[in-house]
Amino acid sequence: MTDFRKVTDDFSVAPQIELSDVARAKAEGFTLVINNRPDGETPDQPTSAEMEAAAKAAGIAYVHIPVRGGPTQEQVEMERQILAENPGKVLAYCRSGTRSIVTWSVGEALAGARSRQDLIALGAEAGYDLSGVLG
């Protein structure tokens, strides 16, 4: 069972989730899963197509925004737009959860939605050090 790490009431991140975790996410009230992991990073990870099919079967929305290294401005803006259009709880994942929380936090900082200090604190509570990105 993958660890879903709550960042805010409406946004959580996770290391690589399994196909079975999608149904669990739905049961926990998530309405959207964002996959920030490119296909093929490791041979054992589910593909984006497999994750999308699992999400569809569970009745949950799914978006693939593959981030390699740090997120681009376009990826940050795309994720912010998707989050703005989704009124429910969101679970974003990648290999470790780091790219997911970085993409989200950079978007929050650039939009002025939260202070850098607040974002660093939220990251720390979820187990991620954002000071290098937002400090």
Side-chain angles (χ1 to χ4, degrees):
M1 181 182 303
T2 305
D3 182 24
F4 297 173
R5 300 173 186 179
K6 182 179 173 181
V7 180
T8 69
D9 288 342
D10 295 325
F11 186 78
S12 296
V13 296
Q16 176 67 57
I17 64 173
E18 300 299 323
L19 295 172
S20 61
D21 288 323
V22 177
R24 182 177 136 227
K26 174 69 173 180
E28 290 185 19
F30 290 95
T31 59
L32 170 65
V33 171
I34 298 174
N35 176 0
N36 291 128
R37 192 168 189 193
D39 278 344
E41 280 191 323
T42 60
D44 61 338
Q45 79 186 68
T47 66
S48 177
E50 291 170 324
M51 295 303 292
E52 185 173 19
K56 187 174 184 177
I60 191 169
Y62 174 86
V63 176
H64 188 211
I65 304 173
V67 175
R68 289 180 171 80
T72 65
Q73 181 70 29
E74 180 182 343
Q75 290 166 329
V76 168
E77 290 173 9
M78 182 185 308
E79 187 155 306
R80 276 206 55 78
Q81 181 66 35
I82 289 164
L83 292 171
E85 294 170 359
N86 184 73
K89 286 175 56 175
V90 176
L91 175 65
Y93 76 91
C94 58
R95 186 191 60 78
S96 67
T98 301
R99 285 173 281 187
S100 294
I101 197 166
V102 166
T103 303
W104 172 81
S105 65
V106 168
E108 291 284 290
L110 291 175
R114 299 177 197 275
S115 73
R116 293 177 187 275
Q117 294 79 13
D118 287 347
L119 290 164
I120 290 169
L122 288 169
E125 289 173 27
Y128 298 94
D129 181 2
L130 298 174
S131 61
V133 176
L134 300 171

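What you see is a predicted model, and the numbers here were worked out from it, not measured in a lab.
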Open item on the list: Please check if the number of heavy atoms outside Gln73 that lie under 6.0 Å from its CD is greater than 12.
Closed with: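 Yes, because the 6.0 Å sphere around CD of Gln73 holds more than 12 heavy atoms from other groups.
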Open item on the list: More than 12 heavy atoms of other residues, nucleotides or ligands under 6.0 Å from CZ of Arg95: yes or no?
Closed with: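 Counting other residues, nucleotides and ligands, CZ of Arg95 stays at 12 neighbours or fewer.
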Between [X] and [Y], is there a shared hydrophobic cluster once you connect ILVMFWY residues whose side-chain heavy atoms come closer than 4.5 Å?
X	Y	answer
Phe30	Ile82	no
Leu32	Leu19	no
Val63	Ile60	no

How about [X] and [Y]: do any of their side-chain heavy atoms sit closer than 4.5 Å?
X	Y	value
Glu108	Leu122	no
Arg80	Leu83	no
Thr2	Gln16	no
Ile34	Trp104	no
Pro15	Arg5	yes
Ile17	Phe4	yes
Asp10	Val90	no
Tyr128	Ser105	no

Measure from the side-chain N and O atoms of [X] to the backbone N and O of [Y], and report whether any donor-acceptor pair falls under 3.5 Å.
X	Y	value
Lys89	Glu28	yes
Glu50	Gln45	no
Asn35	Ser48	no
Arg99	Val67	yes
Thr103	Val76	no

- [ ] Mind running side-chain hydrogen bond (donor to acceptor under 3.5 Å, both in side chains) on Glu77 and Gln81 for me, showing each step along the way?
- [x] CA-CA 6 Å; Glu77 290 173 9; Gln81 181 66 35; over 6 Å; no
TODO: Please name all residues satisfying salt bridge (charged side-chain N to carboxylate O under 4.0 Å, His left out) with Lys56, sequence neighbours left out, ordered by chain then number.
DONE: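 Once residues adjacent in sequence are excluded, Lys56 has no partner under the salt bridge (charged side-chain N to carboxylate O under 4.0 Å, His left out) criterion.
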How long is the gap from [atom1] on [X] to [atom2] on [Y], to the nearest 0.5 Å?
X	Y	atom1	atom2	value
Leu91	Thr31	CG	OG1	10.5 Å
Glu125	Lys6	CD	NZ	10.0 Å
Cys94	Ile65	SG	CD1	12.0 Å

- [ ] Check the side chains of Asn36 and Glu79 for a donor-acceptor pair under 3.5 angstrom, ignoring hydrogens and angles.
- [x]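 Yes, side-chain donor-acceptor contact under 3.5 Å.
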Open item on the list: Tell me every residue that passes side-chain hydrogen bond (donor to acceptor under 3.5 Å, both in side chains) with Thr8, counting only those two or more places apart in sequence or in another chain.
Closed with: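 Partners of Thr8 under the side-chain hydrogen bond (donor to acceptor under 3.5 Å, both in side chains) test: none.
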TODO: Sequence neighbours left out, what passes ring pair (Phe, Tyr, Trp, His ring centres under 6.0 Å) with Tyr93? Give chain and number order.
DONE: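 Once residues adjacent in sequence are excluded, Tyr93 has no partner under the ring pair (Phe, Tyr, Trp, His ring centres under 6.0 Å) criterion.
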